[in-house]
Amino acid sequence: MTSAQSPTRMPRAYNAADVERRIYQNWQDKNYFHAEIRDGEQPYVIIMPPPNVTGELHLGHALEKALEDALIRYRRMTGRPTLWLPGTDHAGIATQWVVERQLAEEGVSRHELGREEFIRRVWEHVDKSGGIIHEQSRRLGISADWERHKFTLEPGPSHAVRTTFVSLYEKGLIYRHERIINRCVRCATALSDLEVDYQDVDGHLYHIRYPLEDDPEKFVTVATTRPETMLGDTGVAVHPDDPRYDGIRGRNVVLPIMGQVIPVVGDEAIDPEFGTGALKVTPAHDPVDFEVGQRHRLDAPNVIGEDGTMTAVTGKYMGVERFEARRRVVEELDSLGVLEKVEPHSHSVGHCQRCATVVEPLISMQWFVNVGTHEQPDSIAGKAYRAVTGDGVNEPDIRIVPERFTRVYLNWLENIRDWCISRQLWWGHRIPVWYCGPCGHLTVAMEDPEACEACGSTDIRQDPDVLDTWFSSGLWPHSTLGWPETDRANNKDFDYFFPTTVLETGYDILFFWVARMIMLGIENTGRAPFNTVYLHGLIRDGSGAKMSKTRGNTMDPLDLLEKYGTDALRFALTTGTAPGNDLRFTENRLEAGRNYANKIWNASRFVISQMEGLHLTHPELVEGWSKVKPEHREDRWIVSRLDRVTAEVNRSLESFELGDAQQRLHEFIWNDYCDWYIEMAKIRVRNGSEPSPLPTLAHVLERILRLLHPFMPFITEEIWQTLKSELPEEGEAQAESIMLAPYPESGNRIDTEAEEEISLVQQAVRAVRNTRAQLRIPAAQHLEALVEANGQRAAIEAEADLIRAMSRVEPLRIVSGASESEGGNLRGVTLVVSPLVVRLPLEGVVDLEAEGERLRSELADCVRNLERVEKLVSNPNFREKARPDVVENEEGRLAELRERKERLDEILEQLGR
RNA sequence: GGGUGGUUAGCUCAGCCGGUUAGAGCACCUGCUUUACACGCAGGGGGUCGCAGGUUCGAGUCCUGCACCGCCCACCA
């Protein structure tokens, strides 16, 4: 700790907890996250998916925020005006449910409380716990523009909701209609098709006999999974061509229990293969039956009420809960002798996404958005469709990453139906429609009306329903930016930041949210709300199961960042996965992240300790780093590698390949910089030889920190600030914060010659180390070595110190070729790193017979390869058709293999003597 | 039923437009208190890239078929 070279400022191990809060506070205090409008510059904008107001941070949020923050920090560093706008969703049904549950504990229902008081209670809850998730998000280090935070229920977004409703109503795209919809009897509201989850349930198929009206001895047997609905049957349907029912179609049957006379109709929708081929038609409680009923003008009495109990229509069953009714109806049918049989039957049953109650399809008056079909050019669905496909002339406005989700999106639109947007809830945006008592007119208005706009009566009453939460979320990219105010003088944000750049979210809400934003965004603004949809996958546990509280396999991101550090968590979430793919998450990944952070910390600690107090002023450190090419070969090598990786990382970030970018950086930092370059540099540092490697060490480290900053913001800032204090007070590294420093661009310093020469040195060093390990020669023991340079003499001589130190050979003799080394007592192990030959005089230690064996097998390998490449290169087809650079590559490889073979032949010949 | 993804080292996964001897992390084996780091260093083993055809000078990568696993959507009474 207190050794002479160890800097006192940096502890031995990186301790994330010590630095994160302080750094984040500083970023916030300095207002770095706030986006400024800079006219003439193209902004980069991401609107954050708004979490539920009562939600708490989970790993999915952490992943989403890590990805978005990386994109945002990267663009901010490239100098673009960058906005990341956070927000919160009121989450109608979810929030209402939370508060209702609290009330239930107090033994009160919301109805007892009344609407006004209930809403007051919800606000109370929201005020208390509403900000939690964003407080938690801050721990992730995210650079969102908190000043621009929006909540769906605050005036701006609410005004957008109202404007949209009124405008769609006036365009005839919102209508009220009686329709069969999904109702959750627990939540007491209608649900959209998307809010219903289907699960296979083991049930029964009941076969029931309906006697013919005019011949009671005969009957039609129907099969159903829901016998209680038979109370509402108004027909029986069979296939028009089903010969079993010839002579029965067109006649009537008598509905058991109820005694009603209902017709047998022929309908194409009936599958003769299923059950008995006869379907009992309950138009009010099944979507298929509803359609059949419509086609044959059958009545559709609701026999199950909105509360899930049987209605008055059912007579003695009135008020009986629907599943109890099922039991009793089956019993009664059995006692009547019309229950033919009961078979076990597995089928899919819809459940409320929120509370898992079995949904009840029933006929009800609801509000819908008319989305039209994808083929209609001017329909909502049609425009949303063409935003992604293009219109045949222009390029599409929206690109989806990864691309495969484009088909999924289009496929959904191809089958879309009108969207039920009314919810029988209290928490949300109230539907701005007033019904007139006397004249029945509907007043739909921006301002709450005092009187009916048609007859002037003040006897009006507002629709009690609220809008689907996704209706307001669907406006999010424009409503958060101040739409409908689009005039620049009044609203610069919308004018400047819309359309947004990237919409990043999980693929699981592609339909719920992304599609709705595209539909409503285009409808309202005439433009696609974003250019790119970037989708991430789901986080799963180690065995691939979805994480859920009920499964008990969740991990709390706050615990994890406490234990491993935020940067480690972010690294763990975003590395080693491709866009849109699910991620199996284990603590292993976190350990790897923590180790990585520690590695960077210690490499930096070493470099900084060497620099302390020296006040280096080398040109590399002062200005035009990208133009300065260092003198030393290994310096040129690491700088060349740096420029390569810089180019790759930039390219990967541009194309949303964040995992790729991280992997490349990781490899460069750990292998090239730490394992090789720092070790090489130490030799010169120890020898005190000039020029010092310190400027290059510092330069590359500084660049590494900036390259890595979007992914690991805390540790990079912490080290950067320390490093900066040792650097000259001018140049790229002198921003106040690393997050304001420019993102590195690749310079013009790729140096293939240095890369090849250093690669030779590395191979030679590896070969010697390998030999040591195999022969169990202690690392401390020096070995004599002779290198035949074969054309690389200048480079090898220049790097001799390095080879000596890294492979611990001493003395090291360098000769031009084999002829010079003959006669020496250097028989032992011969290593071929063509064109180099490295000889280790280990006669006696190594069995010459075995050594010959090893070399012969190496030769065999070489020859096999050589033959393959020779064949390829001499193939006229290849020369003609392959890209020139590929041909050149193969030719280079051929030369290399020939050289290698020559060396091996030579050595084997000597050995044979 | 429609759509879509996967099958690559013991495990988890990268591998973009087809082009060196297929990679990473973890795990495993051997050695190492080498003063940045044992959250480490050095070295090593391990893959006929699901199967069968085809296209191509060349296929993990493209096409067809098959097998198995997964996800989404759908009006399976």
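Chain naming here is simple, since letters A, B, ... match the order of the sequence lines and numbering starts at 1 in each.
- The distance between atom CD of A:E756 and atom P of B:U20, rounded to the nearest whole Å, is 17 Å.
- Nucleic acid contact class of A:R776 (heavy atoms, under 4.0 Å, all strands): sugar-phosphate only.
- Cation-pi check for A:K682 over A:F606 is met; the charged atom lies under 6.0 angstrom from the ring centroid and within 45 degrees of its normal.
- Cation-pi geometry between A:R407 and A:W412 is not met: the NZ or CZ atom fails to fall both under 6.0 Å from the ring centre and inside 45° of the normal.
- Remark: the A:E718 side chain and the A:T722 side chain contain no N/O donor-acceptor pair separated by less than 3.5 Å.
- In this structure, the CG atom of A:L413 is 13 Å from the P atom of B:A74, given to the nearest Å.
- Look at CG on A:N415: it is 17 Å from P on B:G1, rounded to the nearest Å.
- Using a 4.0 Å heavy-atom cutoff across all strands shown, A:L510 reaches no nucleic acid atom at all.
- Looking at the side chain of A:Y198, the nearest of the listed nucleotides B:G25, B:C75, B:C72 is B:C75.
- Atom CD1 in A:I683 sits about 12 Å away from atom C1' in B:U34, given to the nearest Å.
- Nucleotide B:A27 holds its C1' atom 8 Å from the CG atom of A:N588, rounded to whole Å.
- Between the side chains of A:N595 and A:E591, no donor-acceptor pair is found at a separation under 3.5 Å.
- No option in A:V264, A:T221, A:V253 other than A:V253 meets the side-chain contact (heavy atoms from CB on, under 4.5 Å) test with A:Y210.
- Remark: the A:K901 side chain and the A:S834 side chain contain no N/O donor-acceptor pair separated by less than 3.5 Å.
- A close approach under 4.0 Å does not occur between any side-chain nitrogen or oxygen of A:K881 and OP1 or OP2 of B:U56.
- Put simply, NE2 on A:H347 is 16 Å from C1' on B:A74, counting in whole angstrom units.
- Within 4.0 Å of A:E679, counting heavy atoms only, lies at least one base atom of the nucleic acid.
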Listed pairs, N/O of protein and of nucleotides 14-18 of chain B, under 3.5 Å:
from, atom 1, to, atom 2, distance (Å)
B:A14, OP1, A:N581, ND2, 2.4
B:A14, O2', A:D660, OD1, 3.3

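- Side-chain contact of A:S192 with A:E195: a donor-acceptor pair under 3.5 Å is present, judged by distance alone.
- Checked by atom type, the side-chain pair A:Y206/A:E343 shows no donor-acceptor distance below 3.5 Å.
- Using a 4.0 Å heavy-atom criterion, one finds that A:K682 contacts the bases of the nucleic acid, with or without backbone contacts as well.
- Residues A:N602 and A:Y14 bring no donor and acceptor atom of their side chains to less than 3.5 Å of each other.
- Rounding to whole angstrom units, CG of residue A:L802 and P of B:U34 are separated by 21 Å.
- For the residue pair A:T574 and A:Q662, a side-chain donor N or O sits within less than 3.5 Å of a side-chain acceptor on the partner.
- Residues A:L904 and A:R900 are in side-chain contact: their nearest non-hydrogen atoms beyond the backbone lie under 4.5 Å apart.
- Within the nucleic acid shown, A:A603 comes within 4.0 Å of at least one base atom, counting heavy atoms only.
- Taking side-chain N and O atoms only, A:R417 has a distance below 4.0 Å to OP1 or OP2 of B:C75.
- Using a 4.0 Å cut-off on heavy atoms, the residues of residues 886-900 of chain A that approach RNA chain B are A:V886, A:R893, listed by number.
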Item to check | nucleotides 38-45 of chain B: protein proximity per nucleotide (B base, S sugar-phosphate only, - neither; heavy atom, under 4.0 Å) | outcome: SBSSSSS-
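- Side chain of A:D541 to backbone of A:K546: no donor-acceptor contact under 3.5 angstrom is found.
- Within 4.0 Å (heavy atoms only), A:R589 reaches sugar-phosphate atoms of the nucleic acid but no base atom.
- Rounded to an integer number of Å, the gap from CZ of A:R179 to P of B:C75 is 14 Å.
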